[in-house]
Each structure stands twice: as structure tokens, then as C-alpha cells.
Amino acid sequence: MKTNKNLSEDKLQELFNKIPVEEPTPDFMENLLLRIEKEALREKKRQQWITAGQIAASLSGILILPALAVYLCTIFLPGFSFSFPKIHLHFDPKLVAIGFSILMLLILDTLFRMHAANRSKRD
């Protein structure tokens, strides 16, 4: 006597046997490889745009920080004098240390996450 499990397996086997087996078209492999190449090219272009954005952000930061320093302080250059009013900023060393610690932790977190993502891609 057959059990319910055997009956369900037999019915599944019958259904699988009814599915027609079709061979892929001759150009299937070529089309698949073309799609893979296109996707790889798209990913490479995306990475290039990300890198360009990072460079642009870095350059803007490099340009903005000196401009901010010129604005906040009086800077004397040979032949030029800027007479911006000095702003005296007083920072609590404990708050600066806390802020710096948080910044370092965020940077380390980002580095660890990037390392884990790269590691999972390799595996």
C-alpha cells in the first residue's frame, strides 16, 4: 500500500515527465555572454562615475577648507592683505575629543563594511 508521501512524489514525477524538454537555441550561449559583457561594462561605468564623484567631492573639500580658513582668519600674503574680521572660536577639548572619536569610529565602520562586502563578493 502506498503512503500519501509516495502518492505525492508519484504525482510530482508525472508532472515533471509531462514538461517538454527543449534544447536552447543555437545562439543562446552567445546572447547570454553578450548580456553578461554588457552588464560588466555597465558596472564598470558605474564604478567610474562613483570614483569621479569621490574625486570631485575631495577636490571641493580641498578648495572649501582653505576658503573657509581665509574667511575666518586674517591671512597676510606677500603683496596681498586680507582684512577679514577674526572670529575667536573656543572649543571644549572634551567635546572635540568626543567628536574626533565618533568620526574615527564611523570611518572604521565604513572600512570594515567595505572589507566585508569585498570578501563576500570573492566567496
Side-chain angles (χ1 to χ4, degrees):
M1 180 171 208
K2 291 187 176 183
T3 63
N4 286 340
K5 184 178 180 184
N6 289 339
L7 287 175
S8 62
E9 287 179 6
D10 289 340
K11 289 189 182 217
L12 279 175
Q13 187 65 34
E14 285 178 30
L15 288 173
F16 282 125
N17 288 337
K18 288 181 182 178
I19 297 174
V21 179
E22 297 178 8
E23 291 291 322
T25 60
D27 59 343
F28 173 77
M29 191 62 126
E30 185 178 329
N31 289 339
L32 182 62
L33 291 175
L34 284 174
R35 288 176 61 188
I36 291 172
E37 288 174 5
K38 284 181 184 178
E39 189 62 33
L41 183 63
R42 187 177 299 141
E43 181 64 25
K44 185 177 178 182
K45 285 183 180 180
R46 183 176 166 270
Q47 286 297 333
Q48 288 174 345
W49 277 107
I50 289 172
T51 303
Q54 290 172 341
I55 291 171
S58 300
L59 288 176
S60 66
I62 289 169
L63 295 175
I64 288 173
L65 288 177
L68 187 63
V70 167
Y71 178 74
L72 294 177
C73 303
T74 303
I75 298 177
F76 296 99
L77 296 175
F80 298 97
S81 65
F82 297 98
S83 60
F84 294 110
K86 281 190 178 182
I87 298 175
H88 298 284
L89 300 173
H90 300 282
F91 295 107
D92 184 15
K94 291 177 185 175
L95 290 178
V96 172
I98 290 171
F100 183 74
S101 299
I102 291 171
L103 178 65
M104 289 296 107
L105 288 172
L106 288 172
I107 290 171
L108 284 173
D109 179 59
T110 302
L111 291 174
F112 284 137
R113 287 175 189 262
M114 287 174 51
H115 178 71
N118 290 337
R119 193 171 186 171
S120 66
K121 282 183 183 177
R122 277 188 268 142
D123 294 338

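The NE2 atom of His115 lies 13.0 Å from the CG atom of Leu108; values are rounded to the nearest 0.5 Å. Expressed to the nearest 0.5 Å, how far CZ of Arg46 lies from CD1 of Ile50 amounts to 4.0 Å. The CE atom of Met114 lies 15.5 Å from the CZ atom of Arg119; values are rounded to the nearest 0.5 Å. One distance of note links CD1 of Ile36 with CG of Leu41; it measures 14.0 Å at 0.5 Å rounding. Distance check, rounded to the nearest 0.5 Å: CG of Asp109 to CD1 of Ile102 gives 13.0 Å.
Other residues, nucleotides and ligands contribute more than 12 heavy atoms inside 6.0 Å of the CE atom of Met104.
Neither Leu105 nor Val96 shares a network with the other; the hydrophobic side chains, linked directly or stepwise wherever heavy atoms of I, L, V, M, F, W or Y lie under 4.5 Å apart, form separate groups for each. Transitive grouping of hydrophobic side chains (ILVMFWY, heavy atoms separated by less than 4.5 Å) brings Phe100 and Leu111 into a common cluster.
Taking Arg42 as the reference, Glu39 meet the salt bridge (charged side-chain N to carboxylate O under 4.0 Å, His left out) condition, with sequence neighbours excluded.
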*Run the numbers on Phe28 and Asn31 for side-chain contact (heavy atoms from CB on, under 4.5 Å), then give the verdict.*
CA-CA 5 Å; Phe28 173 77; Asn31 289 339; 5.9 Å; no

